[in-house]
Every structure is written in C-alpha cells, then in structure tokens.
S.K.: 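Got a structure for you, written out below as structure tokens; questions coming shortly.
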Amino acid sequence: MDNRKLKILFVSSEVEEFSKTGGLADVAKSLPIELRNLGHEVKIITPFYRTINHREHAQHRFNLTLNTDYSRPDVQFQVQQLDLDGIPVLAIDNEHYFDRAGLYGEDNHAYQDNGERFAFFCLAALQTCEADDFTPDIIHCNDWHTGLIPYLLKTRYHDHYRFTHTKTVLTTHNACYQGIFDKSQLNLIPEVSSCMDERVLENYNYINYLKVGLTYSDKINTVSPNYASELLTTLGSHGMSNHFLSRIHDFEGILNGCDYNDWNPETDTYIPANFSADDLSGKAICKEALQKEVGLPVSDHPVFGMVCRLTDQKGFGLIIPMLDRLLKHNLQLVIVGSGDPAITGQLNAIMSHYPDKFKFIDIYSNKLSHMVEAGADFFMMPSIFEPCGLNQLYSLAYGTLPIVRGVGGLKDTVLDYDQDPEHANGFVFYDPNPNQLLNLLRRVLLLYVEHPEEMLRLKTQAMRSHFYWSDAAKHYAHLYYNALYKHQNW
Ligand SMILES: Nc1ncnc2c1ncn2[C@@H]1O[C@H](COP(=O)(O)OP(=O)(O)O[C@H]2O[C@H](CO)[C@@H](O)[C@H](O)[C@H]2O)[C@@H](O)[C@H]1O
C-alpha cells in the first residue's frame with residue numbers, strides 16, 4: 001500500500017464544533033482529524049454561517065471576488081480561518097448567502113435559493129484553495145452541497161496548474177437529499193446554466209447536484225457497505241441506482257466510526273456520573289438524572305430513548321401507529337428531536353395521554369442527547385433507511401442497547417439477540433411494519449423483566465464493540481490512492 005502523505009481538502013456544509021444539523025457534521029470533524037493523525041495534511045472548507053460556533057476566534061484571511069459573467073455583478077466574499085484540533089478550517093463568509101438564521105432553511109422550509117447558495121459555495125471553495133496557495137492531491141466532497149466541485153474541476157479548472165493532479169472523492173451521506181434545482185439557480189456558473197449535456201442539465205432545464213457529483217468524481221463512496229449495496233438496487237437507491245451502477249467500479253461503502261473522544265461514558269462531561277463496562281454503577285445514576293431532567297417519575301422501568309432529526313427516514317411512520325399500544329406497558333420513552341411539524345404534532349398529542357411514561361422534547365440539545373445515550377436502557381432506531389447511523393454506535397459505547405431496523409449501516413453494526421445470543425449487541429427487526437416493531441419491543445421488555453443478568457451481559461458486550469474512526473480513515477486513504485492512480489474514465 002502507498003504511504004505517500006497526501007494534501008487533502010475536505011469540503012463539507014457542516015462541521016461539528018462549528019455548525020451541525022446531523023451526522024454529516026460528526027463525520028466532517030472526526031474523519032479529518034484521523035486523516036491528519038495518519039500523517040496527511042488536511043484543510044477543511046465550510047460556510048461561515050451566522051450561527052457558527054467560535055465566531056469570536058475567527059481570523060480574517062482573505063477578501064476575494066468571485067467573477068460571474070457580464071450579466072451579473074461579481075460576488076465579494078471573505079474567508080475566515082478557524083481551528084479544529086490544529087486543522088485549519090477555512091470558512092466562506094458572504095452575508096447574502098450565509099448570514100441567515102438557519103443552515104439550509106427556517107421553520108422546516110428550505111431556503112428557495114439553496115441551489116444558488118451552494119453553487120456559490122463550490123466556486124468559492126476552489127477560489128479559496130487557490131488564494132490559500134494549497135495544491136490538494138484530493139478534494140473530498142460531501143453530499144449534494146459540494147456536488148458541483150468535481151464538475152468544475154473537470155471543466156473550468158481543467159487546465160489550471162493548481163489542480164492538474166487533483167482528484168476528487170464524493171461521499172454520499174444520504175442519497176435521499178439530492179439537491180434538485182431549476183437552472184435559474186445556476187446564474188453564477190454560466191457554463192452549467194447553458195450546458196447542453198443532459199448528464200448535467202436534465203431536460204436542459206434542471207440540475208441534480210448529487211448526480212453531477214457522482215458522474216464527475218474520480219471515486220465515490222457511501223458510509224456503510226450495506227447502504228452501498230442498497231444504492232445499487234431500484235428499491236433502496238432513492239431513484240439513483242442507475243447512477244451508482246454506472247460507477248460500480250469506482251464505488252464502495254466505508255463504515256463511519258464513533259468518536260470516542262466525544263462519546264465516552266468514562267470521560268463524558270455532560271453526564272452526572274461516569275461509568276465503564278467493568279463498572280456500570282454510574283449508569284443507574286445517569287438513568288435517574290435523565291428521568292428527573294425530562295420530568296418522568298424515577299423508577300426501575302426500562303427507559304427507551306431516541307435522539308434524531310424528525311423526518312420520515314427515522315421511522316416515525318412505524319412508531320406512531322403502535323405508540324398507544326406500547327405505552328400500555330410498564331416502560332418509559334424519551335424522544336429528543338426537532339424537524340417535521342407533522343411528526344411534532346402527533347408526538348405531542350400522544351404525550352398528553354401518557355405524562356408519566358412518555359416525554360417528547362422538541363429541541364436540539366447536545367447535553368440532552370448525551371444524557372439520553374447514557375441514561376436510557378435501550379435506544380430506538382427503526383429507520384426506513386439509514387446510510388450508516390451514528391447514534392447506534394454512541395448507544396453501544398454507553399451500554400444502551402440499540403433496537404434497530406436491519407437496513408443500511410444499522411445492519412452492518414448491530415447483531416440481533418435472537419439471531420446470535422452469544423455475540424449480540426442489540427435487537428434487529430426487518431419488516432417496515434409497526435406490528436413487527438411492537439413485537440420486538442415486547443420481546444425486549446420480557447428479557448428486561450425476566451433476565452436482568454442477561455441484560456447486564458448484553459450491555460457490557462455492547463460496550464466492548466468498537467468502531468474506530470482510525471480504521472475508517474485508513475480505508476479513505478486507500479480510496480484516495482486509488483483515485484490518484486486510476487485512469488480518467490468519465
Ligand atoms: N435533537 C437533537 N439534539 C442533539 N443532537 C441531535 C439531535 N438530532 C440529531 N442529533 C445528532 O445528529 C447526529 C445524527 O447522526 P445520524 O448519523 O444518526 O443521522 P443523520 O441522518 O443526521 O446523518 C446522515 O449522515 C450520517 C453521516 O454519514 C449517516 O450516519 C446517517 O445514516 C445519515 O442519515 C448525531 O450526532 C445525533 O446525536
């Protein structure tokens with residue numbers, strides 16, 4: 001295997017520590033750090049949102065101008081530099097595009113000009129790289145927001161000395177979000193808005209950013225082997241199977257990791273007591289603290305937890321229809337999440353009937369998410385699809401047994417108790433059917449009540465299953481080397 005140290009530009013629309021709406025941010029923090037730990041030189045580019053954390057530490061680096069065609073005024077922007085554990089984070093600062101209340105929208109409505117915002121971001125990222133005098137071997141793009149970068153490198157920047165040897169990798173964290181926009185959003189990139197290639201501008205009318213990225217990147221991957229195989233099927237690919245199939249030789253699944261610096265019950269500062277697989281006594285204190293924090297009676301009943309974006313993806317269509325029946329049992333349920341108002345409304349309505357059993361907290365809170373991971377007995381992820389999933393990995397680390405649907409990365413990381421009692425670290429069901437989920441939860445309840453010693457064994461076993469980012473980073477490095485040595489085939 002090649003040992004050459006690489007220069008890697010990692011481009012992401014969110015990076016934990018600075019901005020976050022979901023799992024992409026976690027990856028955009030942990031993976032660059034592990035790549036750096038392998039000896040590579042890494043820089044990150046991300047937007048400088050109004051809500052970005054550590055704004056007060058930002059250092060101004062550049063004033064730049066993005067030249068558009070003659071019909072539009074040029075766009076001025078600045079580049080601010082932040083620091084992520086010694087890794088430079090270059091943040092694109094433009095008032096019009098990023099000085100807004102949300103990252104992608106407000107009140108669960110996407111901004112109308114997201115296509116234009118992220119076209120700007122892609123162009124600005126390449127211009128920033130140039131201004132920073134950084135010549136990347138690899139530009140690692142993430143999700144649709146960065147999908148135009150590989151195209152720009154193969155077109156506008158094709159002969160540019162800075163990028164002559166640069167190769168691109170695009171990671172799909174969620175193929176459901178594709179970035180589909182009318183061509184009117186492409187005014188900043190005239191070569192795209194007037195493009196006659198149907199691979200770029202479909203019906204000469206609209207663009208799918210993810211598809212363009214998948215077409216023009218040198219290598220593509222997704223965040224678990226099982227989701228990679230699902231993306232090659234009609235049912236599991238969100239309508240994109242042809243695009244993944246057409247790149248099958250350049251496509252693979254690399255499992256995400258768990259950042260054990262942030263998610264470690266032995267050192268976690270958000271929780272009232274620390275604990276380990278050898279001594280779980282602190283977990284009981286965390287359970288009591290969670291019950292008090294959310295306003296549930298302190299009791300020995302099993303606590304089921306859930307923390308997620310409120311979207312159909314996360315399986316609310318399976319949970320809500322069986323919730324009344326589930327809540328007849330002696331158990332407690334805590335759901336922390338924000339998002340779709342239709343889901344919020346239904347959860348609030350059910351909660352009002354079971355004040356001592358069910359708390360739904362409509363919030364985005366790091367502290368509460370750590371308290372749920374530490375204090376719950378079980379963590380529910382009955383996802384309809386799940387590219388990898390991170391919360392099941394966090395749950396395993398805290399001895400909070402995951403109850404998952406066997407899809408995507410959940411299938412790669414959770415081994416079902418009924419299937420293999422000896423090695424199991426959680427519980428898995430398959431049919432996307434509320435009754436199947438309820439049946440599984442009833443089996444889990446029985447185990448909790450009748451076999452506490454078995455529960456303890458499972459918890460400690462779960463805490464000993466590890467998913468290291470350092471392993472994932474080695475896989476990514478391998479993918480980068482493959483991108484560098486492959487012949488262009490687009
Ligand atoms: N209300 C809330 N309060 C506090 N924290 C909250 C929260 N809601 C969500 N989070 C946090 O956001 C992250 C969610 O990560 P996931 O990977 O589980 O899902 P997501 O669908 O966002 O990510 C997509 O990208 C990731 C990364 O590749 C894939 O693992 C995943 O399958 C794919 O859908 C976790 O760190 C979680 O704790």
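Whatever order the structure lists ligands and atoms in, that order sets their numbers, starting from 1. This chain uses plain numbering: 1 for the first residue, then up along the sequence.
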S.K.: Would you mind listing which atoms of ligand 1 come within a distance below 4.0 Å of any non-hydrogen atom of Asp26?
M.R.: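 Reading through ligand 1 atom by atom, the close ones are 35 (C), 36 (O).
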S.K.: At less than 4.0 angstrom from any non-hydrogen atom of Glu386, what atoms of ligand 1 do you find?
M.R.: 31 (C), 32 (O), 33 (C), 34 (O)
S.K.: To check your reading of the model: name the closest protein heavy atom to atom 22 (O) of ligand 1, its residue, and the distance in Å.
M.R.: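 So the nearest neighbour among protein heavy atoms is Gly23 N, 2.9 Å.
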S.K.: Should you measure from each heavy atom of Arg309, which atoms of ligand 1 turn up under 4.0 Å away?
M.R.: 8 (N), 9 (C), 20 (P), 21 (O), 22 (O)
S.K.: Which of the atoms of ligand 1 are close to Val223, meaning less than 4.0 Å from one of its heavy atoms?
M.R.: 28 (O)
S.K.: For ligand 1, which atoms have a heavy atom of Ser365 less than 4.0 angstrom away?
M.R.: 3 (N), 4 (C)
S.K.: Determine, for Lys167 against Asp137, whether the closest basic-nitrogen to carboxylate-oxygen distance falls under 4.0 angstrom.
M.R.: no
S.K.: Are His140 and Tyr480 close enough that their ring centers fall under 6.0 Å?
M.R.: yes
S.K.: Are any of the heavy atoms in Gln392 under 4.0 Å away from ligand 1?
M.R.: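 Contact check Gln392 vs ligand 1: negative.
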S.K.: Show which atoms of ligand 1 fall inside a sub-4.0 Å distance from at least one heavy-atom site of Ile363.
M.R.: 1 (N), 2 (C)
S.K.: For atom 10 (N) of ligand 1, what's the nearest protein heavy atom and its distance?
M.R.: Tyr364 CE1, 3.8 Å
S.K.: Quick check: closest heavy atoms across Gly102 and Tyr111, and the distance to 0.1 Å?
M.R.: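 So the two residues come closest at N-OH, 2.9 Å.
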S.K.: Below the 3.5 angstrom mark, is there an N/O of Val307, backbone or side chain, next to an N/O of ligand 1?
M.R.: no
S.K.: So if I count the atoms of ligand 1 from 1 in the order they appear, which ones are less than 4.0 Å from some heavy atom of Asn174?
M.R.: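 Heavy-atom distances to Asn174 below 4.0 Å select 34 (O).
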S.K.: What pair of heavy atoms forms the shortest contact from Met306 to Met380, and how long is it?
M.R.: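 Nearest heavy atoms, Met306 then Met380: CG-O, 3.2 Å.
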S.K.: State whether Phe98 and Arg50 meet the cation-pi test: NZ (Lys) or CZ (Arg) under 6.0 Å from the six-membered ring centroid, and within 45° of the perpendicular axis.
M.R.: no
S.K.: Nearest to atom 8 (N) of ligand 1 by heavy atom, Pro387, Cys388, Cys308, Gly339: which?
M.R.: Cys308
S.K.: May I ask you to check whether Phe358 and His353 place their ring centres under 6.0 Å from each other?
M.R.: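 Distance test on ring centres: not under 6.0 Å, no.
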S.K.: I'd like to know if Tyr394 contacts ligand 1, where contact means a heavy-atom distance under 4.0 Å to any ligand atom.
M.R.: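 Distance cut 4.0 Å: Tyr394 passes for ligand 1.
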S.K.: Looking at Trp263 versus Tyr394, is the centre-to-centre ring distance below 6.0 Å?
M.R.: yes
S.K.: Where is the tightest heavy-atom contact between Met381 and Leu410, given as atom of each residue plus distance?
M.R.: O-CD1, 3.6 Å
S.K.: Can you pull out the closest protein heavy atom to atom 38 (O) of ligand 1? Residue, atom name and distance to 0.1 Å, please.
M.R.: Asn391 ND2, 3.2 Å
S.K.: Given Lys314, Lys20, His173, Glu373, which has its nearest heavy atom closest to atom 33 (C) of ligand 1?
M.R.: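 Among Lys314, Lys20, His173, Glu373, the closest heavy atom to atom 33 (C) of ligand 1 comes from His173.
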S.K.: Could you tell me if the ring centre of Tyr448 sits under 6.0 Å from that of His301?
M.R.: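 No, the ring centres sit 6.0 Å or more apart.
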S.K.: Report the relative orientation of the aromatic rings in Trp144 and Phe118; use parallel for angles under 30°, tilted for 30 to 60°, perpendicular for over 60°.
M.R.: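 Because their plane-to-plane angle is over 60°, the rings of Trp144 and Phe118 count as perpendicular.
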S.K.: Using the ring centroid of each side chain, check whether Tyr468 and Tyr260 are separated by less than 6.0 Å.
M.R.: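 Yes.
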S.K.: Determine the interplanar angle of the Tyr104 and Tyr49 rings, folded into 0 to 90°, and report it as parallel if under 30°, tilted if 30 to 60°, perpendicular if over 60°.
M.R.: perpendicular
S.K.: Tell me the nearest of Cys176, Gly389, Ala175 to atom 29 (C) of ligand 1, using heavy-atom distances.
M.R.: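 Answer by nearest heavy atom: Gly389.
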S.K.: Got an N/O contact under 3.5 Å between Trp263 and ligand 1?
M.R.: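 No.
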S.K.: So if I count the atoms of ligand 1 from 1 in the order they appear, which ones are less than 4.0 Å from some heavy atom of Val27?
M.R.: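 In order of numbering, the contacting atoms are 27 (C), 28 (O).
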S.K.: How far is atom 34 (O) of ligand 1 from its nearest protein heavy atom, and which residue and atom is that?
M.R.: Gln313 NE2, 3.1 Å
S.K.: Provide, to 0.1 Å, the distance between atom 16 (P) of ligand 1 and the closest protein heavy atom, together with that atom's residue and name.
M.R.: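 Answer, as residue, atom name and distance: Leu390 N, 3.8 Å.
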